[in-house]
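Below: the structure, in structure tokens.
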Amino acid sequence: MGCVVNMAITEKKPKKTMVSPLSGREMQVVFERPHSFLPVVTNYCPGCHHGIVQRLVAECMDEMDVEGNAVGIAPVGCSVMCYDFFGCDMIEASHGRAPAVATAVKRVLPDHLVFAYQGDGDLASIGMAETIHAATRGENITVVFINNAIYGMTGGQMAPTSLPHQVTQTSPYGRDAQTAGYPIRVCELLSSLDGVAYLERVCVDSPKNIRKAKKAIRRAFDCQMERRGYSLVEVVSTCPTNWGITPEAATEWMQENMLSYYPLGVYKDVVADGYENAAEAAFARAQGCPMVDADKGGE
């Protein structure tokens, strides 16, 4: 049952109404579970942001009315149980292979909404090749990427996104950049690829940022359905359990440390740049190369 408010106290025209089982009075629904989000209890740790992000994905599917024509890809990691939470069709992928599976699904079902929901260890480590090549090919898929700077489900090992000096199970003295290298900034990396149409980095640590995150996810989904190219939304997130701190402290740590290394914002939007899609933008950037324009006959 959704949360309700007495219609007598609001002047807005109700979008949806229901009858109160207690008073028998008609009430306006102001908040309820998205239909695309199944009525089950999620298994995420207290303070984890996965639940918030997945609700936003479901809200976008409801608004687009695509639940029956959507396919989600969940690889290994904390996203492994997504098929229990989303009402759309779900496919389980091997570790890191979600972009490859999503590519196959989208090519077979080009009119469906196809999204991969991946963590940083999955996407930026074992799945980096799939990520790079799906993006550079301009596959019309959307990736929702959770960056919590650690391997979550497998025990808290150092991830490609773990910060310098960050303590993890496999970096007990902190990440040493001289031996382990520096963290990978995924949005910045993918922004250089010609097949990418839309990239944005968001977080969900406040109501304001949650609204921005939902807008970004919807923008990425629309980009896909308009066949503009590859789209990805990176969500800077927390992992209180593996960071070994409380949810409140985890949010503060993320704000103080991660947001300075992973700045929020739009990193690529070919439509905002004046192009119809990623391919048109790529062609414009390649002007001057005699082999790009077939109409010039290789002049």
Side-chain angles (χ1 to χ4, degrees), residues 37 42-60 72-86 90 92-93 95-99 102 115-128 130-131 134-135 141-163 166 168 183-190 199-206 209-210 212-214 216-218 220-221 231-243 247 250-251 253-255 257-259 261-264 267:
F37 208 37
T42 61
N43 58 355
Y44 298 120
C45 301
C48 175
H49 290 173
H50 275 296
I52 299 174
V53 179
Q54 289 177 12
R55 180 189 171 90
L56 299 182
V57 171
E59 287 181 354
C60 289
I73 315 298
V76 175
C78 291
S79 61
V80 72
M81 302 298 289
C82 276
Y83 53 77
D84 280 337
F85 310 139
F86 287 118
M90 296 293 300
E92 193 66 40
H95 204 354
R97 313 309 176 209
F115 67 93
Y117 188 93
Q118 299 180 260
D120 45 3
D122 179 84
L123 181 145
S125 182
I126 193 171
M128 179 56 87
E130 282 76 8
T131 296
I141 62 174
T142 300
V143 177
V144 179
F145 166 47
I146 307 299
N147 175 6
N148 56 18
I150 205 165
Y151 275 86
M153 187 191 72
T154 53
Q157 301 96 325
M158 183 180 71
T161 53
S162 296
L163 297 176
Q166 183 177 345
T168 72
I184 295 175
R185 294 182 172 98
V186 171
C187 278
E188 289 87 336
L189 175 66
L190 296 182
L199 295 170
E200 185 168 357
R201 181 181 289 135
V202 299
C203 67
V204 292
D205 61 336
S206 67
N209 282 335
I210 289 172
K212 287 183 177 180
K214 179 181 176 180
I217 293 170
R218 177 61 190 269
F221 282 173
S231 57
L232 177 143
V233 176
E234 177 179 348
V235 185
V236 181
S237 186
T238 64
C239 186
T241 297
N242 287 300
W243 290 356
T251 297
W253 192 91
M254 180 201 74
Q255 294 168 338
N257 296 282
M258 293 186 69
L259 296 186
Y261 198 91
Y262 300 110
L264 307 182
Y267 282 80

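Classification of E234 and R185 as a salt-bridged pair fails, no side-chain N sitting under 4.0 Å from a carboxylate O.
Contact annotation: the side chain of N242 never approaches that of Q157 to less than 4.5 Å [non-hydrogen atoms, C-beta and beyond]. Inter-residue side-chain proximity for L259 and L264 is flagged as met; some heavy-atom pair is nearer than 4.5 Å. Using a 4.5 Å heavy-atom cutoff, the side chains of E188 and P263 are in contact. L190 is not listed as a side-chain neighbour of F145, based on a closest heavy-atom distance of 4.5 Å or more.
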Kindly indicate, with the supporting measurements, whether the criterion side chain to side chain contact (heavy atoms under 4.5 Å, CB included) is fulfilled by V204 and S237. CA-CA 7 Å; V204 292; S237 186; 5.6 Å; no
T161/Y262 under side chain to side chain donor-acceptor pair (under 3.5 Å): CA gap, chis, key distance, verdict: CA-CA 10 Å; T161 53; Y262 300 110; 4.7 Å; no
Set out, in order, the CA-CA distance, both residues' side-chain angles and the distance that settles side chain to side chain contact (heavy atoms under 4.5 Å, CB included) for M254 and H49, then state yes or no. CA-CA 12 Å; M254 180 201 74; H49 290 173; 4.2 Å; yes
Verdict with supporting geometry, N147 and V186, side chain to side chain contact (heavy atoms under 4.5 Å, CB included): CA-CA 9 Å; N147 175 6; V186 171; over 6 Å; no
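The heavy-atom pair separating A149 from S162 by the smallest distance is O-OG, 2.7 Å. V236 and C203 make their closest contact through O-CB, 3.4 Å (heavy atoms, listed as atom of the first residue, atom of the second, distance). In terms of heavy atoms, A124 sits closest to P160 at O-CG, 3.5 Å. The minimum heavy-atom distance linking I217 with C60 is given by the pair CG2-SG, 3.9 Å. The heavy-atom pair separating A216 from E200 by the smallest distance is CB-OE1, 3.3 Å. Nearest approach of P247 to P240, heavy atoms of both residues: CA-CG, 3.9 Å.
Qualifying salt bridge (Lys or Arg N to Asp or Glu O under 4.0 Å) partners for K214, counting only residues two or more places apart in sequence or in other chains: E59, E63. By the salt bridge (Lys or Arg N to Asp or Glu O under 4.0 Å) test, E92 is found to be paired with no residue, residues two or more places apart in sequence or in another chain being considered. Y44 pairs by the ring pair (Phe, Tyr, Trp, His ring centres under 6.0 Å) definition with H50, F85, not counting sequence neighbours.
With rounding to the nearest 0.5 angstrom, the CG atom of N209 is 8.5 Å from the CD atom of Q255. Taken to the nearest 0.5 Å, the SG atom of C78 stands 7.0 Å off from the CG atom of N148. Interatomic distance, K212 NZ to R201 CZ, rounded to the nearest 0.5 Å: 14.5 Å. To the nearest 0.5 angstrom, N257 atom CG is 6.5 Å from L163 atom CG. The distance from the CG atom of L123 to the OG1 atom of T131 is 3.5 Å, given to the nearest 0.5 Å. In this structure, C187 SG and L199 CG are separated by 5.0 Å, a value rounded to the nearest 0.5 Å.
Ring-plane geometry between F86 and F37 is classed as tilted, the angle between the planes lying from 30 to 60 degrees on a 0 to 90 degree scale.
Within the 3.5 Å criterion, the main-chain N or O of Y117 finds a donor-acceptor partner in the side chain of S79. Judged by distance alone, with hydrogens and angles left aside, the side-chain atoms of R97 form no donor-acceptor pair with the main-chain N or O of E130 at under 3.5 Å. For T238 (side chain) and G47 (main-chain N/O), a donor-acceptor pair under 3.5 Å exists by modelled atom type. Without hydrogens or angle criteria, D120 side chain to I150 main chain gives a donor-acceptor distance under 3.5 Å.
Between T142 and S231, the side chains place a donor N or O and an acceptor N or O closer than 3.5 Å (distance only, hydrogens not considered).
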